[in-house]
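Have a look at the structure below, then the notes.
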Amino acid sequence: MTKEEILKALADSVITGNAKAAVENSEKALKAGVDPQEAIVEGLAKGMSVMGDKYERGEAFVPHLMIASVALYKGMDILTPHIKVDPSNRAVTGVIGTIEGDVHDIGKNLVKTMMAAAGFTMIDLGNDVPIENFITAAKENKADLLSVSALMTTTMTGMDKISELLLENGYRDSLIYMVGGAPVSEKYAKSVGADGTCKDAASAVAFAKEKASKLAPANERWSDAKLSITKTKYKDVILKKKAAAKAGSNVSLEAAKKVIAEYEKVGTKKASKMSHKERVFGALGDKKVDRLPCYPLACGITRKFIPASYKDYATNPKIFSDSAYAAVKYLDVDTYVGLTDLSITSADVGAGVSYPDEDTPSTTGHLHEYDDIVIPEIKKGTRIHNHIQAGKMALEKLHRDEIDAPFVAFHEGPLLTLTQAMGADRVLHDMSNNPKEVHKALDRITDFVCDISTEFFDEGAADAICVDNLWSNNVIMSADQYWEFDGKYVYDRQIPIFKKHNAPYVIHNCADAVHFDIQIRKFGTALYSYAYYEKNRNKGSKNYADLIPAYSDICCMMGEVDPIQFMNNDEKTFENIRNDTVKLMDGVLKTLKENGRQSKYVMSTGCEVPPDGSLMSVKTMVDTVKEVGEDMYKKIIG
């Protein structure tokens with residue numbers, strides 16, 4: 001084979017995901033005297049670039065990229081040891097990982113793969129990475145780049161803590177600090193002191209290349225002298241950040257006290273014409289209401305009313321139910337969603353779980369084999385039994401006459417449970433390489449998930465159940481793949497349980513580009529809680545103007561307001577929230593009117609308000625809806 005034929009064969013082996021061919025062609029390249037660096041860049045990496053382009057065009061999905069990346073790395077394992085290292089031409093070294101409390105690593109893995117294909121040396125810390133580990137790894141590897149990922153709004157706030165530690169240790173000027181994930185905007189990246197964020201893996205590579213080209217040599221940047229100078233340079237900044245952190249460390253607790261004080265002084269600001277329950281169920285049925293219902297996804301943050309630690313909120317049914325009651329009482333929200341964390345079902349089937357005192361519990365240590373999955377009975381000692389008892393207590397309290405609000409239970413769907421237990425990377429890869437084992441595992445887990453829904457209904461522990469069916473995402477998998485590996489299980493086996501109990505099927509999905517036709521139209525979903533990411537609109541992220549015309553004949557939509565701004569506790573934040581709320585409500589009501597609807601929308605946030613956010617900001621949104629919602633509703637809807 002000629003050199004050109006070998007390079008093409010290397011590229012093709014990655015495109016087809018043929019790891020064996022990648023190894024064979026890499027060995028042929030060495031025997032033929034092809035420069036190993038050229039073989040990687042002009043062969044393997046070109047193949048990965050083709051797959052990246054297909055991914056961006058929607059012609060390939062995450063499982064395809066994972067299979068291609070296996071071939072890429074197998075070939076690199078053969079070629080890399082033979083590259084002649086020139087100390088003066090050191091490859092860009094990057095440290096990458098998903099932040100503590102967050103086990104979602106699909107985006108992180110794509111960025112890592114694309115950067116490796118571009119010639120970067122990537123140190124992957126994995127997911128659920130303690131903040132200090134990012135700092136240690138950056139120093140030990142004299143990193144040029146630190147890339148931190150998060151999918152959940154409840155974990156991304158740790159990005160600011162990493163920034164502070166970089167400053168405190170004198171590392172900030174020694175590297176490029178990038179942050180990423182669906183909820184991370186350019187504005188947020190700037191607010192936490194990062195160099196930037198990128199919309200996709202390809203642009204992240206280009207950004208990192210451009211920034212790294214301007215860095216001084218690693219030994220110079222990471223010398224003790226340089227670090228000492230940087231510490232001194234940022235001394236005032238560090239002191240100000242620490243002072244601000246100290247002042248804001250109890251922002252949610254102080255906000256809770258203010259909310260309670262205001263309630264005790266004046267009660268609710270305005271008597272309502274309808275009860276919470278009447279308003280929520282009226283909106284679900286597209287009936288005439290006094291105003292749109294309002295419930296920012298303020299779940300774990302409401303523990304501050306008690307007050308209690310997050311660990312107690314997630315494990316103690318009484319504290320959970322007290323938090324739900326306090327949320328409706330003091331904030332005057334129209335409902336309460338019983339979300340604690342996404343590791344409940346995965347912990348019960350065998351994965352580990354960690355309980356930080358003041359952060360969201362998360363899965364730790366994925367199972368090694370699908371056969372390690374153990375399906376338990378729903379009984380005392382399991383997390384889900386505890387969760388159901390908490391829901392039962394919350395429902396009883398929310399149904400009291402002075403509250404009269406519906407309680408919506410919350411648990412994970414089949415595919416989300418499996419990916420939490422086994423690791424999303426593993427499961428999505430096996431969808432193509434080992435589908436029988438994935439289906440076998442999903443079959444067993446679906447039984448468990450169905451038992452959970454049944455138990456909630458039989459125990460009288462919910463007015464409705466919200467199921468987190470996260471992986472419906474058209475950049476992660478095709479509609480056919482989603483239907484095969486999640487949708488069909490939900491449709492055939494879980495939804496009939498809801499029909500049997502005459503209960504609405506409710507979904508929460510904070511993915512950025514959802515297969516809405518399946519999750520709403522096919523499932524017959526009654527209420528859909530969604531997030532909207534404007535930066536991903538071209539990839540399929542949709543807002544109320546898209547969703548109401550398409551699905552309001554069968555579904556009430558809920559969501560959209562950015563929850564990250566609820567972290568702050570100042571008048572500027574409150575004013576922004578008021579403006580955003582009024583703008584959204586005005587647009588929603590006009591769109592409902594244009595489509596012949598009366599009320600099929602719930603004013604909410606797209607994801608959960610971070611657990612240490614400001615309850616005053618939550619109250620601001622609710623009060624805004626109460627203060628202008630009735631007049632706006634009457635003016636637009638009639």
Exercise for review: Show your working on side-chain contact (heavy atoms from CB on, under 4.5 Å) between Leu339 and Leu297 and close with a plain yes or no.
Suggested key: CA-CA 9 Å; Leu339 170 60; Leu297 280 174; 5.8 Å; no

With a 4.5 Å limit on heavy-atom distance, are the side chains of [X] and [Y] in contact?
X      : Y      : result
Phe120 : Lys209 : yes
Ser163 : Tyr177 : yes
Pro414 : Asn469 : yes
Asn543 : Arg537 : yes
Val184 : Met159 : yes
Ile564 : Pro610 : yes
Asn473 : Tyr482 : no
Tyr73  : Leu44  : no

Out of curiosity, [X] [atom1] to [Y] [atom2], how far, rounded to the nearest 0.5 Å?
X      : Y      : atom1 : atom2 : value
Ile96  : Leu145 : CD1   : CG    : 7.5 Å
Leu227 : Ser174 : CG    : OG    : 5.0 Å
Phe134 : Leu166 : CZ    : CG    : 10.5 Å
His366 : Thr419 : NE2   : OG1   : 8.5 Å
Leu110 : Leu65  : CG    : CG    : 5.5 Å
Tyr55  : Lys539 : OH    : NZ    : 6.0 Å

Review point. With a cut-off of under 6.0 Å to the ring centre and 45° to the axis, is Lys542 in cation-pi contact with Phe516?
Key: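 No, cation not above the ring by the 6.0 Å, 45° rule.
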
When you measure from the side chain of [X] to the backbone of [Y], do you find a donor-acceptor pair of N or O atoms at a distance under 3.5 Å?
X      : Y      : value
Tyr533 : Cys510 : yes
Glu5   : Thr2   : yes
Asp372 : Glu369 : yes
Tyr188 : Met156 : yes
Glu412 : Ile344 : yes
Thr136 : Asn133 : no
His82  : Leu79  : no
Thr446 : Leu442 : yes
Ser13  : Ala21  : no
Asp160 : Thr157 : no

Practice item. Decide yes or no on side-chain hydrogen bond (donor to acceptor under 3.5 Å, both in side chains) for Tyr489 and Asp443, but give the supporting numbers first. Key: CA-CA 8 Å; Tyr489 290 92; Asp443 182 64; 5.8 Å; no

Would you name the heavy atoms of [X] and [Y] that are closest together and state the gap between them?
X      : Y      : answer
Ile6   : Asn25  : CG2-O, 3.9 Å
Asp371 : Glu437 : OD1-OE1, 4.4 Å
Gly196 : Ala189 : C-CB, 4.1 Å
Phe61  : Asn474 : CE2-O, 3.0 Å
Thr363 : Gln420 : CG2-O, 3.2 Å
Ala314 : Pro361 : CB-CG, 3.8 Å

Review point. Sequence neighbours excluded, which residues qualify as side chain to side chain donor-acceptor pair (under 3.5 Å) partners of Arg426?
Key: Asp430

Practice item. Step by step, work out the side-chain hydrogen bond (donor to acceptor under 3.5 Å, both in side chains) result for Thr345 and Asp348. Key: CA-CA 5 Å; Thr345 50; Asp348 280 345; over 6 Å; no

Determine, for [X] against [Y], whether the closest basic-nitrogen to carboxylate-oxygen distance falls under 4.0 angstrom.
X      : Y      : result
Asp195 : Arg172 : yes
Arg493 : Asp447 : yes
Asp492 : Lys488 : yes

Return yes if a side-chain donor-acceptor contact under 3.5 Å exists between [X] and [Y], otherwise no.
X      : Y      : result
Tyr532 : Asp562 : no
His411 : Ser453 : yes
Lys142 : Asn219 : yes
Asp341 : Ser343 : yes

Practice item. For side-chain contact (heavy atoms from CB on, under 4.5 Å), just list the numbers for Thr230 and Tyr171, CA-CA rounded to whole Å, side-chain angles, deciding distance to a tenth of an Å, and then say yes or no. Key: CA-CA 7 Å; Thr230 305; Tyr171 302 167; over 6 Å; no

Practice item. Just do the side-chain contact (heavy atoms from CB on, under 4.5 Å) check on Gln481 and His64 with the steps written out, would you? Key: CA-CA 11 Å; Gln481 286 172 318; His64 304 123; 4.1 Å; yes

Atom [atom1] of [X]: over 12 foreign heavy atoms under 6.0 Å:
X      : atom1 : result
Glu186 : CD    : no
Glu534 : CD    : no
Lys226 : NZ    : no

Exercise for review: Classify the angle between the aromatic ring planes of Tyr491 and Trp483 as parallel (below 30°), tilted (30 to 60°) or perpendicular (above 60°).
Suggested key: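 Tilted, since the angle between the ring planes falls between 30° and 60°.
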
Check your understanding: Please walk me through it: do Arg221 and Asp144 pass salt bridge (Lys or Arg N to Asp or Glu O under 4.0 Å)?
Key -> CA-CA 9 Å; Arg221 287 181 282 117; Asp144 305 297; 2.3 Å; yes

Exercise for review: Any chance you could lay out the side-chain contact (heavy atoms from CB on, under 4.5 Å) test for Val427 and Trp471, step after step, and finish with the verdict?
Suggested key: CA-CA 11 Å; Val427 174; Trp471 292 118; over 6 Å; no

Review point. Is the His508 to Tyr528 ring centre distance short of 6.0 Å?
Key: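 No, they do not, as the ring centres are separated by 6.0 Å or more.
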
Check your understanding: Can you list every pair that meets salt bridge (charged side-chain N to carboxylate O under 4.0 Å, His left out) and has a residue in residues 116-127, with sequence neighbours left out?
Key -> Lys108-Asp124, Lys112-Asp124

